[in-house]
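Comments concern the structure below.
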2 protein chains.
Amino acid sequence: MASQTERLERLLGTQLGRCCQSDVDDRLATLNGYQESIPADLSSDLNALKVLSTETRHRIVRLLAAAERDLCVCEFKPLLDVSDSAISHALSDLREAGLVTRRKDGQWRYYGATPRAEAILDALDRTRGDGE
Amino acid sequence: MASQTERLERLLGTQLGRCCQSDVDDRLATLNGYQESIPADLSSDLNALKVLSTETRHRIVRLLAAAERDLCVCEFKPLLDVSDSAISHALSDLREAGLVTRRKDGQWRYYGATPRAEAILDALDRTRGDGE
DNA sequence: AATACATATGAGCGATTGTTCATATACTCA
DNA sequence: TGAGTATATGAACAATCGCTCATATGTATT
């Protein structure tokens, strides 16, 4: 049975030219340190990214960011090639993910991009086309 | 049959207190302006977000960012609760999405986070917990 | 050359997803 | 109050996804 650290041991042999148990322990401690620097609950980050990763929802947020104002649900209609229902579902998912806000005005609903949404789009824009 | 702009026309009636054809045309032109400011090809952005939106791949990138150095494939093993194959698939997806780089050293492979990956994580970190 | 090893790749399976259709809710105006 | 409108919600279905297992590729060592 292959242990969890069998290969790590060999890697350290390559990197250090030697490898005793304390070398393995030290490296494992270092790796655990990286692990601990990760937010305990990733679900909100993962959800924000997932929600922004499909075309309909992504486009909605880009439109809101470009508009620099809240848009009414019906303003998305001529710009997106999906049903009203799909737009509504998309906005609902975006709101739950903290990427858009909603404001009611009579029968109309206005949505706006949150700073979180804008920060993510900005990160993409600033790094688009980077080879690496 | 409901036209694409039927509701928009009524919205403008509400917003402007009137609505003739030129009002509709103006608004449509404005909306099309937003549309045009969106990158023509979203697929690379969408893919980057999708790839970062599941736990295994996201965790890999967070580990690389925390490490501030390239990590060997075998170093992920004790930190992730999935098979070697899943780690390899994940790294391959991340590389294709431009989120990690790969460096070969003998039989070992070292991966590192790209500026694009770091920018996205940073956007998430800076805005985590924003109510809106 | 043969064996061992590190990583990669492809098929396949259960689980999740984005959409549409049907329907519900809530507001407006006669 | 009743008809019309704007948006939201739930079910359902095809499509996609993430994982594991089996196997392939390329490197090191003997």
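By convention in this document, chain letters (A, B, ...) are assigned in the order of the sequence lines, proteins followed by strands, and residues within each chain are numbered from 1. Every heavy atom of this structure was used, including side-chain atoms; hydrogens, water molecules and symmetry mates were not.
Separating the CG atom of A:Asp93 from the P atom of C:dT16 is a distance of 16 Å, rounded to the nearest angstrom. Computed from coordinates, the A:Leu94 CG to D:dA8 P distance equals 12 Å when rounded to whole Å. Following rounding to the nearest Å, A:Glu6 (CD) and C:dC5 (C1') show an atom-to-atom distance of 10 Å. Between the C1' atom of D:dT9 and the CD atom of A:Glu96 lies a distance of 13 Å, rounded to the nearest Å. What separates CD1 of A:Ile87 from P of D:dA8 is a distance of 11 Å, to the nearest Å. Remark: P of D:dT27 and CZ of B:Arg103 are 16 Å apart, rounded to the nearest angstrom. Note: CZ (B:Phe76) to P (C:dA6) measures 16 Å, nearest angstrom. Atom pair A:Asp84:CG and D:dT9:C1' shows a separation of 14 Å (rounding to whole Å applied).
The side chain of B:Gln107 sits closest to D:dA28 out of C:dT7, D:dA28, D:dT20. Across C:dA8, D:dA6, C:dT19, the shortest atom-to-atom separation from the side chain of B:Arg10 is found for D:dA6. Candidate nucleotides D:dC19, D:dT7, C:dT7 were compared by shortest atom distance to the side chain of A:Ser88, and D:dT7 ranks first. When each of C:dT7, D:dT20, C:dT19 is scored by its nearest atom to the side-chain atoms of B:Val82, the top-ranked nucleotide is D:dT20.
Annotation: of the two residues near DNA chain C, A:Asp105 and A:Ala90, the 5′-most nearest-nucleotide partner is A:Ala90.
Near DNA chain D, meaning a heavy atom under 4.0 Å away, the residues from residues 46-68 of chain B are B:Lys50, B:Thr54, B:Thr56, B:Arg57.
Salt-bridge formation is detected for the pair A:Asp122/A:Arg126: a Lys NZ or Arg NE/NH1/NH2 atom is positioned less than 4.0 Å from an Asp or Glu carboxylate oxygen. Between A:Arg102 and A:Asp70 there is no salt bridge, since no side-chain N of the basic residue sits under 4.0 Å from a carboxylate O of the acidic one. Residues A:Lys50 and A:Asp93 are not paired through a salt bridge, judged by the lack of any N-O separation under 4.0 Å between the basic side chain and the carboxylate.
The shortest distance between the side-chain N/O atoms of A:Tyr111 and the OP1/OP2 oxygens of D:dA8 is below 4.0 Å. Put simply, A:Ser83 has no side-chain N or O that comes within less than 4.0 Å of OP1 or OP2 on C:dT19. Proximity of A:Arg7 to the phosphate of C:dT7: a side-chain N or O atom is located under 4.0 Å from OP1 or OP2. Between A:Arg102 and D:dT7 there is no side-chain N or O to OP1 or OP2 distance below 4.0 Å.
The rotation axes computed at either terminus of the helix from C:dA1-D:dT30 to C:dA30-D:dT1 lie 30° apart, taking five pairs at each end and rounding to 10 degrees.
Checked by atom type and distance alone, the side chain of A:Asp45 never pairs as donor or acceptor with a backbone atom of A:Leu42 at under 3.5 Å. Formation of a donor-acceptor pair under 3.5 Å by the A:Arg109 side chain with backbone atoms of A:Gly106 is found in this model.
The stacking criteria are not both satisfied for A:His89 over the base of C:dT19, which would need a centre-to-centre distance under 5.5 angstrom and an angle between ring planes under 30 degrees.
Residues A:Arg57 and A:Thr54 bring a donor and an acceptor atom of their side chains to less than 3.5 Å of each other. No side-chain N or O of B:Asn32 forms a donor-acceptor pair with one of B:Glu36 less than 3.5 Å apart.
One donor-acceptor pair, N or O on each side, does fall under 3.5 Å between the base of D:dT9 and the side chain of A:Ser85.
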